[in-house]
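Scroll down for the structure; my scribbles are underneath it.
All chains are named by letter (A, B, ...) in the order of the sequence lines, taking the proteins before the strands, and each is independently numbered beginning at 1. Owing to the predicted nature of the structure, the values given are computational and were not obtained by experimental measurement. Heavy-atom basis, side chains included; hydrogens, waters and symmetry copies ignored.
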Amino acid sequence: MRNGEIAAALDELGTLYELDGAVRYRVLAYREAARVIRSHPVSVEELARQGKLTELPGVGDTIEAKVLALVDEGSLPQAEKLKQKFPPTLIEATRIPGLGAKTVRRFYDELGIADLEGLEAAARQGKLSDLKGFGEKAEKNLLAEIERLGDEGPTVRVLLSDALEAAEELAEALRELPEADRVEIAGSARRLAETCKDVDLIATASDPSALAEALQSHPLVAQAGRGGDAAARAVTHTGLAIDLRISPPEAYGNLLQHFTGSAEHNVQLRERALAAGLSVSELGIANLTEEGKRSDDAELFATEEEVYEKLGMAYVEPELREGRGELEAARKGKLPKLVREEDMRGDLHCHTTLSDGHDTIDEMAAAARERGYEYLALTDHSASHGFGNHVTDEMLEARIEEVRAWNKGKRGFRLLAGSEVNILPDGSLDYPDELLAELGWVIASVHTAFRISEKKMTERVITAIENPLVDCIGHLTGRLILRREPYDIDVEAVAEAAARTGTMLEINGNPNRRDLSEHHVRLAVDAGVRIVANTDAHRVRTLGNMRYGIATARRAWLTKRDVANTRGWREFSKLRKRAKR
DNA sequence: GCCGTTTTCGGCCCGACTGTTTTCAGTCG
């Protein structure tokens, strides 16, 4: 059973307990365990079978036993029992914004409402406002939410690249105003997460309303409203929600820290501060009174650095603020010095017009040099790609000659004649060995036959890893964020094989892929695998996707040293498998 | 239900907003 399925079952059980009136913290415990399990890089089912699941933070004996029951029986007995008591459609109803378990439970108990249709009908007939504490306005709002849900479906997350495109344009427009002082992107976009639900902008300004008005009248914005004196909200034409908050300059650090999150990071930060007698919020850091209440002497900070310093910690880079041990490391001064995009010396995965790329060798090479690289591997697709633009053996031979000629007389930069070869279902590659041996760089990727068992897929990829001609595995799990699940593969076993053979694993920087994920990157590095950050660029512009590959590397706590292609050519070339032959 | 350089029991972040209420509960981020 996949970690995501286990997490979903625990989330559901949490909601069922909530409907059943359990204490809040029990429900929160299930949510937290689900969150940790969802993003855990290796099989939670296996951890549970080994009795090691309680090593995960937020998982104790009870939840470990529940997970074991779940993977053995396919469902949770407690959940099944509670589903006898509450129709499953009640859980659906709790997903309506503004409607929680408490309210849904009352509708069920007092009005017998068990599903969305019943809820909508009752609201239309004005029956809900008969309930104590639930008036006409609440009824109207609820009806509007149900209708909106029907029209648009639930609000979906967008890719980081889409969120950043809008966020950066809006932030830039606001910065240009004479009334603006500082404008920064906060939230999940600043943490460079894979997806964003909305965009948070934080600003200081001599005249806050000038910024709010500029946001409202920006061409990207479809609708907008004010949120008090120091805030504005907007929705772009693509449906992305924008929240702008304007801070007095002296509290800018507090506000930026708060709205950068993540929620887990902030919760842990505040719990830690509380133990030291301090109460942290976006309104400043206050001492605790004798009764343990927040006193009104809150101290304000203009920068985030000062916020963390006040709490006895080193500054935490936004990409690390996910509640994964960064606060402990910050307190001990043991945070890693994260790799930066400027550290990169080469890109080892791109396409040209030879296969399905849009730009020529010359154009790609010029762009790579402009980015300050020392090398670029041309890795057009191989002969059995299946999407047209096949590169036959003869074409690849010609490419090798072309690159040889191109490199002649050039100093400080080199092209590598390479290929992105297919890993066929039996683990073999689709060029003959003699041809592959002539290449300067070989990436092997799975592009076909995704739906095979985990065991077969793992064996298939490990066969390619054990091939001495393969330098690197491309986009290992094949996922497309928000669009396609990763295929079934044992990443732990793959990482072990890659470390053993000196085969590198790629972080593919295409914002749709970011594959390896940050969790798998961490696992691979801990297993001793060399990581390369590549773009898989199909045109000059997408060489810029390196920023997303590096974002994933940073979120995996990687340093410059952990990423092989931060090295100059001389050093990097020695890391290739062939250098050890 | 989880967790412990203040605890193995008694705690468990903080504030805004909303709608309904004279002091608060529920929901959200």
How would nucleotides 1-14 of chain B be written as a contact map, 5' to 3', with B for base contact, S for sugar-phosphate-only contact and - for no contact, using protein heavy atoms under 4.0 Å? BSS--------BBB

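Comparing the C1' positions of B:dC13 and B:dG29 gives an interatomic distance of 12 Å, to the nearest angstrom. The same atom, P, is picked in B:dT20 and in B:dG15; the two are 26 Å apart, to the nearest Å. The separation of B:dT5 from B:dG1, taken at their P atoms, amounts to 23 Å, rounded to a whole angstrom. When the P atom is compared between B:dA16 and B:dG10, the two are found 33 Å apart, to the nearest whole Å. As rounded to the nearest Å, B:dC9 and B:dC14 have C1' atoms that lie 25 Å from one another. If you take atom P in B:dC12 and the same atom in B:dT6, they sit 16 Å apart, rounded to whole Å. B:dT8 and B:dG4 are spaced 13 Å apart, taking the P atom of each and rounding to whole Å. For the P atoms, the distance from B:dC28 to B:dT22 is 24 Å, rounded to whole Å.
Between the P atom of B:dT27 and the CZ atom of A:Arg95 lies a distance of 15 Å, rounded to the nearest Å. Residue A:Leu283 contributes atom CG, which lies 19 Å from atom P of B:dG29 at whole-angstrom precision. Between the CZ atom of A:Arg105 and the P atom of B:dA25 there is a distance of 19 Å, given to the nearest Å. Following rounding to the nearest Å, A:Phe134 (CZ) and B:dT21 (P) show an atom-to-atom distance of 12 Å. As a whole-Å value, the separation of A:Asp200 CG from B:dC28 C1' is 13 Å. Atom CG in A:Leu142 sits roughly 12 Å away from atom P in B:dT20 (whole-Å rounding). The distance between atom CG of A:Asn254 and atom C1' of B:dG15, rounded to the nearest whole Å, is 14 Å. Counting to the nearest Å, the P atom of B:dG19 and the CG atom of A:Leu99 are 14 Å from each other.
Judged by distance alone, with hydrogens and angles left aside, the side-chain atoms of A:Asn266 form a donor-acceptor pair with the main-chain N or O of A:His258 at under 3.5 Å. Distance alone, capped at 3.5 Å, is enough to place a donor-acceptor pair between the A:Glu306 side chain and the A:Thr303 backbone. At least one donor-acceptor pair under 3.5 Å links the side chain of A:Asn3 to the backbone N or O of A:Val42. A donor-acceptor pair is defined here as one N or O able to donate and one able to accept, closer than 3.5 Å; such a pair exists between the side chain of A:Arg175 and the backbone of A:Val183.
Here A:Ala231 lies out of heavy-atom contact (under 4.0 Å) with every strand. At the heavy-atom level, A:Lys197 lies under 4.0 Å from the strands shown only through sugar-phosphate atoms. At a threshold of 4.0 angstrom between heavy atoms, the contacts of A:Glu139 with the nucleic acid are absent.
Ring planes of A:Tyr17 and A:Tyr30: tilted class, angle from 30 to 60°.
Applying the 90° cutoff around 0 to the glycosidic angle, B:dT6 is assigned anti.
Using a 4.0 Å cut-off between charged side-chain N and carboxylate O, A:Glu18 and A:Arg105 make no salt bridge.
Across all strands shown, B:dG10 forms a Watson-Crick or G-U wobble pair, both distances under 3.5 Å, with B:dC3.
In this structure, the ring of A:Phe301 has its center no less than 6.0 angstrom from the ring center of A:Tyr252.
An OP1 or OP2 oxygen of B:dG19 is reached within less than 4.0 angstrom by a side-chain nitrogen or oxygen of A:Asn141.
By the 4.5 Å heavy-atom criterion applied to side chains, A:Glu145 and A:Leu99 are not counted as neighbours.
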